[in-house]
Amino acid sequence: MTQMTTASLRVGVIGVGTMGADHAERLVRRVANATLVAVADHDQARASEVAARYDGVHVVADPLELIADPGIDAVLIASPGVVHEEQVLACLAEGKYALCEKPMTMDAESSLRLVEAERVGGRPLVQVGFMRRFDPEFLAMKAMLDSGELGRPLLVHNVHRNKEVPDTFRSEMIVRDSLVHEVDVCRWLFGEEITEITVLSPASTSHAAKGVVDPQIAIFRMEGGGMATTEVFVRSAIGYEVRCEVSAELGNATVGADSGVFVRSANAWGGTIPDDFRVRFSAAFDAEVQNWVDASRRGEVMGPTSYDGYAATVVCEAALQSLETGAPAKVVLS
Ligand code: ISE
């Protein structure tokens, strides 16, 4: 597809679980210049249920058929990571813009295949769903760093807590699905690659599913010598908390210090903590998808690229190695 001439970008959503259904709702109600046309999901009943919420949205049984449909201009991929390679490759073959949720793929080789296929096609088409890059607070922090006002960043401290996750969310998913966000945030904030990662396993919460290491502590070494620490804790039992503090030569800045609403009720005072990421990052998700729609209509890709998806996959692979051994693991990018 070259530059759009139609008024509205006709979008298909693949995967309408928690995130995909949230994106479908956003495309219908909150994003301008986009029309949700079709959905696909391996769970047909779920696809039908989501499609039935909106006028004019139909279900396509086969995701590859949805991608090939000439009535669809662009595809939002929110299916599980294991099927992303096939689906993104199909979008590239059709010349369609794709917004692919993280993780882009499950291993470095397949991520690199996507980067290569996009390069060979000669036209950028892929945006990866690292939505923190669209969060107003993260954007303000990034702008401050880029302006030089804080001086050179030396350290980043991240906290990433979920209230709860299903039992199927294993130690490995804490790395691939959760820590991957901090991997991207640190690459983006420092403007450098991560060269080494160590993942440590403190005592697990008694709420953790059997055999799952939760919380985990990750330490990144950056190319320029800076470092980052991240606590990822997916059964914190509290709520969804994401904080990021940068310590730089001339000052520091924190994201997520006070993201809730201050309340007084029932003999208590304090802030509220959202239950999950859909609430905490709703503005970021809206901006991310609007950015993707606008860029696609202009015939461009903005935001995190397939290379960013690839680099994050490589760091996560090293993280998994370190999680197993407890030793630092080198990150080697092609
Ligand atoms: C989920 O997929 C996300 O992307 C959330 O931001 C993260 O906090 C959560 O742990 C993941 O499962």
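Here, residue 1 is the first one in the sequence, and each next residue gets the next number. All ligand and atom numbering here is 1-based and tracks the order in the structure.
Neither the backbone nor the side chain of Met19 comes within contact range of ligand 1; no heavy atom lies under 4.0 Å.
Short contacts between ligand 1 and Phe169, defined as distances under 4.0 Å to a heavy atom of the residue, involve ligand atoms 12 (O). Residue His181 has at least one heavy-atom neighbour below 4.0 Å for each of these atoms of ligand 1: 3 (C), 4 (O), 5 (C), 6 (O). Numbered from 1 in the order shown, with element, the atoms of ligand 1 that lie under 4.0 Å from a heavy atom of Lys102 read 1 (C), 2 (O), 3 (C), 4 (O). For ligand 1, the atoms sitting less than 4.0 Å from at least one non-hydrogen atom of Asp177 are 4 (O), 11 (C), numbered in the order shown with element in parentheses. The distance from ligand 1 to the heavy atoms of Arg132 drops below 4.0 Å at these ligand atoms: 6 (O).
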For this session: Check step by step if salt bridge (charged side-chain N to carboxylate O under 4.0 Å, His left out) holds for Glu245 and Arg243.
Result: CA-CA 7 Å; Glu245 180 169 357; Arg243 278 191 287 283; over 6 Å; no
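The hydrophobic clustering, which links ILVMFWY residues whose side-chain heavy atoms are closer than 4.5 Å, places Met227 and Val255 apart.
Cluster note: Val82 groups with Val83, Met106 through ILVMFWY side-chain heavy atoms spaced under 4.5 Å, whether in direct contact or through intervening members.
Judged by distance alone, the side chains of Gln290 and Asp286 never bring a donor and an acceptor atom under 3.5 Å apart. Judged by distance alone, the side chains of Tyr310 and Thr305 never bring a donor and an acceptor atom under 3.5 Å apart.
Distance from atom 6 (O) of ligand 1 to its nearest protein heavy atom, with residue and atom name: Tyr240 OH, 2.9 Å. The closest protein non-hydrogen atom to atom 9 (C) of ligand 1 is Asn162 OD1, 3.1 Å.
Look at Glu172 and Arg176 and you find a salt bridge, because one of the NZ, NE, NH1 or NH2 atoms lies within 4.0 Å of a carboxylate O, short of that distance.
Around atom 7 (C) of ligand 1, the closest heavy atom drawn from Glu241, Arg278, His160 belongs to His160.
Using a 4.0 angstrom heavy-atom cutoff, Phe281 does not count as in contact with ligand 1.
Aromatic pair Phe233/His160: ring centres not closer than 6.0 Å.
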